[in-house]
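What follows is a short report on a single structure.
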2 protein chains.
Amino acid sequence: MTRSAKPGQQVLVALRRLIADGTIKPGMRIGEIATAERLGVSRMPVRTALRALEHEGLVVKLGARGYTPRAVNAETIRGAIEVRGVLEGLAARHVAARHLQDEERVRLAQVLACGNAIFEKGHFVSEDLDRFYRYNLDFHELLLALSSNPSISLALERNNHLPFASAAALALDWDDLDAEYVHLRHAHEEHMAVFDAICAGNAVLAERLMRDHARAAISNGRIFKGLRV
Amino acid sequence: MTRSAKPGQQVLVALRRLIADGTIKPGMRIGEIATAERLGVSRMPVRTALRALEHEGLVVKLGARGYTPRAVNAETIRGAIEVRGVLEGLAARHVAARHLQDEERVRLAQVLACGNAIFEKGHFVSEDLDRFYRYNLDFHELLLALSSNPSISLALERNNHLPFASAAALALDWDDLDAEYVHLRHAHEEHMAVFDAICAGNAVLAERLMRDHARAAISNGRIFKGLRV
DNA sequence: GGTGCGATTATTGGATCCAATAACACCAAC
DNA sequence: GTTGGTGTTATTGGATCCAATAATCGCACC
């Protein structure tokens, strides 16, 4: 570990990376001692990190023989995305049900304006993927923040740790910008539809649109292209 | 701690109790050293337990000065129950959508038969509250198990740690058995309605009924009677 | 040759020790 | 009198050490 941050955080992010990029595959043992030596730290931060990852659902315990990455297949991800859709749908319903203050509506509109700015020139350049990533994250997070129900974010945290399950996971295809343009523009239009439903105070419509937004991510098979199933 | 179990589990349940019964109120500091001495164990299991409780959302960190119980008011609980309703609704929808195997339907019916047995004599004796508690838990857990989406259970675990938020929290009134009878019988009838919708393959109805089942727990003001708001 | 029991070994969980850090208090200077 | 800085102290995070436990390997007996 060349990073100079605190050992605890180092180990946490290092393990997440090792699991995410497949260096440690499901079925392989993750022992405290071996991991500690591998990362050049003591066993203690490794222990802490493993307990944390277990709580996040990224690893599972193997009795007295350490941990192993949780086996994650397409079905698991589909389920996690469905959970996200339902919870974000609940958030959208709440936001639509209580009438927003002007200041709050303006903040939402500003985020959406960022989205419009990305698409208005009619095509993508490669930086636009980064811009969309940022905009997309902002929209989803602001919606949760406006829902005034912290339990929703809390329940979502776990799913968001699973690869491909969070709203941040877009599985962007950096080679086919035109295809991404039409696809992500569609997602952006769904965002705007949710916004319209919220402004109209149509709670059930806002919820359904938000759910469909997640379902679109499921039916979009390209999400799984990077996954070894 | 007089218990002879493993220190780690001891500390975890001890802290949960101390927080649940109000011995440690929100705002009070929970330090590793003080807690370790109080429970007669080393600082290590206390540290582990506090990290776990933080992941569960029961305590929050106070910078470098330990932890404190998360302030939980009626609004928080309402939000958590709503999350539970949405997630259990999703489970019910899944169960209704895929057609159950006979063996699975029988298991559900058996659980419901336990419920019928509790109510058929037309009134409650005090043991019936325990029996209903067990039956209620079985029903909710079986539904989650049958949903074939482990992400739902995972997302629910956090909420279930909040007091009064889980399906196990019924806030039973041990003094007014007759009032409990009519109230819990209503809950039981809701369970049966969900079962009927599942057997009929009516997914949207099953989901709505399950949501309403949780909403009923919200509108049931007695849930909050034990809460210092 | 297979199975069961025992011993050894590896690995996690707990305790104690040490270092780094952040809060608090006190003192001095403006 | 107030404010800023410095020193002390308390508290968490990390490392090392120790004990308990479970798994594996080997040997003996059936």
Side-chain angles (χ1 to χ4, degrees), chain A residues 1-19 23-71 157 161, chain B residues 1-19 23-71 157 161:
Chain A
M1 281 297 90
T2 63
R3 287 274 181 67
S4 58
K6 300 283 174 61
Q9 291 300 314
Q10 282 181 42
V11 174
L12 204 57
V13 304
L15 278 177
R16 282 219 190 88
R17 283 187 49 150
L18 288 173
I19 294 173
T23 307
I24 306 178
K25 294 186 178 62
M28 290 185 183
R29 276 188 57 194
I30 308 177
E32 286 185 8
I33 303 171
T35 311
E37 288 173 358
R38 182 180 202 161
L39 302 180
V41 293
S42 157
R43 277 179 51 208
M44 190 64 59
V46 176
R47 192 187 298 184
T48 310
L50 284 175
R51 309 291 274 253
L53 292 177
E54 186 190 13
H55 275 284
E56 290 176 8
L58 224 112
V59 300
V60 293
K61 201 170 192 176
L62 297 186
R65 294 173 62 188
Y67 297 80
T68 196
R70 170 135 163 259
E157 269 178 32
H161 288 297
Chain B
M1 282 299 93
T2 63
R3 286 274 182 66
S4 58
K6 299 285 174 60
Q9 291 300 315
Q10 281 180 41
V11 174
L12 204 57
V13 303
L15 276 177
R16 283 220 190 87
R17 283 189 49 152
L18 287 173
I19 294 173
T23 308
I24 307 179
K25 295 186 177 61
M28 291 185 183
R29 277 188 56 194
I30 308 178
E32 285 185 9
I33 303 172
T35 311
E37 288 173 358
R38 181 181 202 160
L39 301 180
V41 293
S42 157
R43 276 179 51 208
M44 190 64 57
V46 175
R47 191 186 300 182
T48 311
L50 284 175
R51 310 291 274 254
L53 292 177
E54 186 190 13
H55 275 284
E56 292 175 7
L58 222 110
V59 301
V60 293
K61 202 172 191 173
L62 295 187
R65 293 174 64 189
Y67 297 80
T68 196
R70 169 135 163 259
E157 270 178 31
H161 287 296

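Letters A, B, ... mirror the listed sequences (proteins, then strands); counts begin at 1.
Atom-to-atom distance recorded for I30(B):CD1 and L18(B):CG is 8.5 Å, nearest 0.5 angstrom.
Listed for the T68(B) side chain is a donor-acceptor partner under 3.5 Å among the backbone atoms of G27(B).
Take the nearest nucleotide of DNA chain D for R65(A) and for M44(B): the residue whose nucleotide is more 5' is M44(B). Each of A64(A) and G63(B) has a nearest nucleotide on DNA chain D; the 5'-most of these lies closest to G63(B).
Scanning all heavy atoms of the two residues, the minimum distance from Y67(B) to K61(B) falls at CD2-CA, 3.7 Å.
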Side chain to side chain contact (heavy atoms under 4.5 Å, CB included), that's the test. Do L50(B) and L15(B) meet it? Break it down for me. CA-CA 9 Å; L50(B) 284 175; L15(B) 276 177; 3.9 Å; yes
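With contacts defined as side-chain heavy-atom distances shorter than 4.5 Å, the pair L39(B)/Q10(B) does not qualify.
If you measure from atom CD1 of I30(A) to atom C1' of dA10(C), you get 18 Å, rounded to the nearest angstrom.
Read 5' to 3', the first and last nucleotides of DNA chain D with an atom closer than 4.0 Å to a heavy atom of chain B are dT11(D) to dA15(D).
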